[in-house]
Amino acid sequence: MGDSLGTIIAIAVAAILMFVFPVMTMADRTDDVSQLTVQTETTEFVDEIRTTGKITPEKYNKFIESINSTGNLYDVDIEVKVLDENPGKKSVQVQRDKLGENYYFEVFNSQVMENINNDKPYLLKEGDIVAVKVKNTSQTLSQQFKNFFYTVIGNDTYTIAADHGGIVTATGKE
């Protein structure tokens, strides 16, 4: 009886070592490739916005299609800080020729998406700041394995995320 139980345990451990861990490793590599793809696409998307000064529905849809090609679902958050120049206000800074300070007000994802959903570009001007944050909302195979074996992954966590931002260098025109 003792030899049979030992044999069964040895076969179970061997099966885990031969099949489950390689699959887990491949799932982790798939997440790494997805992470790299999402980071690259996000950087290219933001840099294109910065150099053209506009977010067009075509560019946005191409970006979403590119990141969804990894097989996961993503939450994309676009935030724009619009430069509000206030040249009429006196400044206490050392520069005497400067009349005012620059202030930024924030435009969030829902306001940007309103234009994109209406098939209109969202125009920015030189000096605005744009930031895009992406994180996965679906569970990857790697997350499911880790959740099964380690019970460390919760519902609100994500493994694939990217963010990029910068100052717009061109004023967008239709």
**Q** Can you tell me how far the CG atom of Asp77 sits from the CE atom of Met113, to the nearest 0.5 Å?
**A** 10.5 Å
**Q** According to side-chain contact (heavy atoms from CB on, under 4.5 Å), who are the partners of Leu73, at least two apart in sequence or on a separate chain?
**A** Thr137, Ser138
**Q** Do you know the tightest heavy-atom contact between Val132 and Thr42?
**A** O-CG2, 4.0 Å
**Q** Could I get the full list of side-chain contact (heavy atoms from CB on, under 4.5 Å) partners for Asn68, not counting sequence neighbours?
**A** Ile64, Tyr74
**Q** Just checking Lys59: does its NZ atom have more than 12 heavy atoms from other residues, nucleotides or ligands closer to it than 6.0 angstrom?
**A** yes
**Q** Quick one: are Thr30 and Thr140 in side-chain contact, heavy atoms under 4.5 Å?
**A** no
**Q** Sequence neighbours left out, what pairs pass ring-ring contact (aromatic ring centres under 6.0 Å, His included) with at least one residue falling in residues 22-73?
**A** Phe45-Phe63
**Q** Could you walk me through whether Ile160 and Val134 pass side-chain contact (heavy atoms from CB on, under 4.5 Å), step by step?
**A** CA-CA 8 Å; Ile160 302 170; Val134 180; over 6 Å; no
**Q** How far does CG of Leu36 sit from CD of Glu41, to the nearest 0.5 angstrom?
**A** 10.0 Å
**Q** Do Val80 and Val82 have side chains that get closer than 4.5 Å, going by heavy atoms?
**A** yes
**Q** Under the side-chain contact (heavy atoms from CB on, under 4.5 Å) rule, collect the residues that match up with Thr43, sequence neighbours excluded.
**A** Gln39, Asp47, His164
**Q** Scan for ring-ring contact (aromatic ring centres under 6.0 Å, His included) pairs involving residues 119-139, sequence neighbours excluded, and state none if there are none.
**A** none
**Q** Does a side-chain heavy-atom distance below 4.5 Å link Ser34 with Asn72?
**A** yes
**Q** Give a yes or no on this: more than 12 heavy atoms of other residues, nucleotides or ligands lie within 6.0 Å of atom CD of Glu106.
**A** yes
**Q** Taking all atoms of both residues into account, what is the closest heavy-atom pair of Ser142 and Asp31, and its distance?
**A** CB-OD2, 3.1 Å
**Q** Any side-chain to backbone donor/acceptor pair from Gln35 onto Ala161? Under 3.5 Å, distance only.
**A** yes
**Q** Nearest 0.5 Å, please: how far is CG in Leu141 from CG in Asp28?
**A** 9.0 Å
**Q** Find the distance between OG1 (Thr169) and NZ (Lys125) and round it off to the nearest 0.5 Å.
**A** 14.0 Å
**Q** Under the side-chain contact (heavy atoms from CB on, under 4.5 Å) criterion, do Val76 and Ile67 qualify, and how do the steps go?
**A** CA-CA 10 Å; Val76 177; Ile67 62 174; 3.9 Å; yes
**Q** For the hydrophobic clusters of this structure (ILVMFWY residues joined by side-chain heavy atoms under 4.5 Å, transitively), does one cluster hold both Phe105 and Leu124?
**A** yes
**Q** Taking the side chain as everything from C-beta on, heavy atoms only, tell me whether Val46 gets closer than 4.5 Å to Asp163.
**A** no
**Q** How would you list, by chain and number, every residue that makes a side-chain contact (heavy atoms from CB on, under 4.5 Å) with Ile9, sequence neighbours excluded?
**A** Leu5, Val13
**Q** How long is the straight-line distance from OG1 of Thr56 back to NZ of Lys120, given to the nearest 0.5 Å?
**A** 15.0 Å
**Q** Where is the tightest heavy-atom contact between Thr51 and Ala170, given as atom of each residue plus distance?
**A** O-CB, 3.2 Å
**Q** Which distance, rounded to the nearest 0.5 Å, do you find between the CG of Asp32 and the CE of Met26?
**A** 11.0 Å
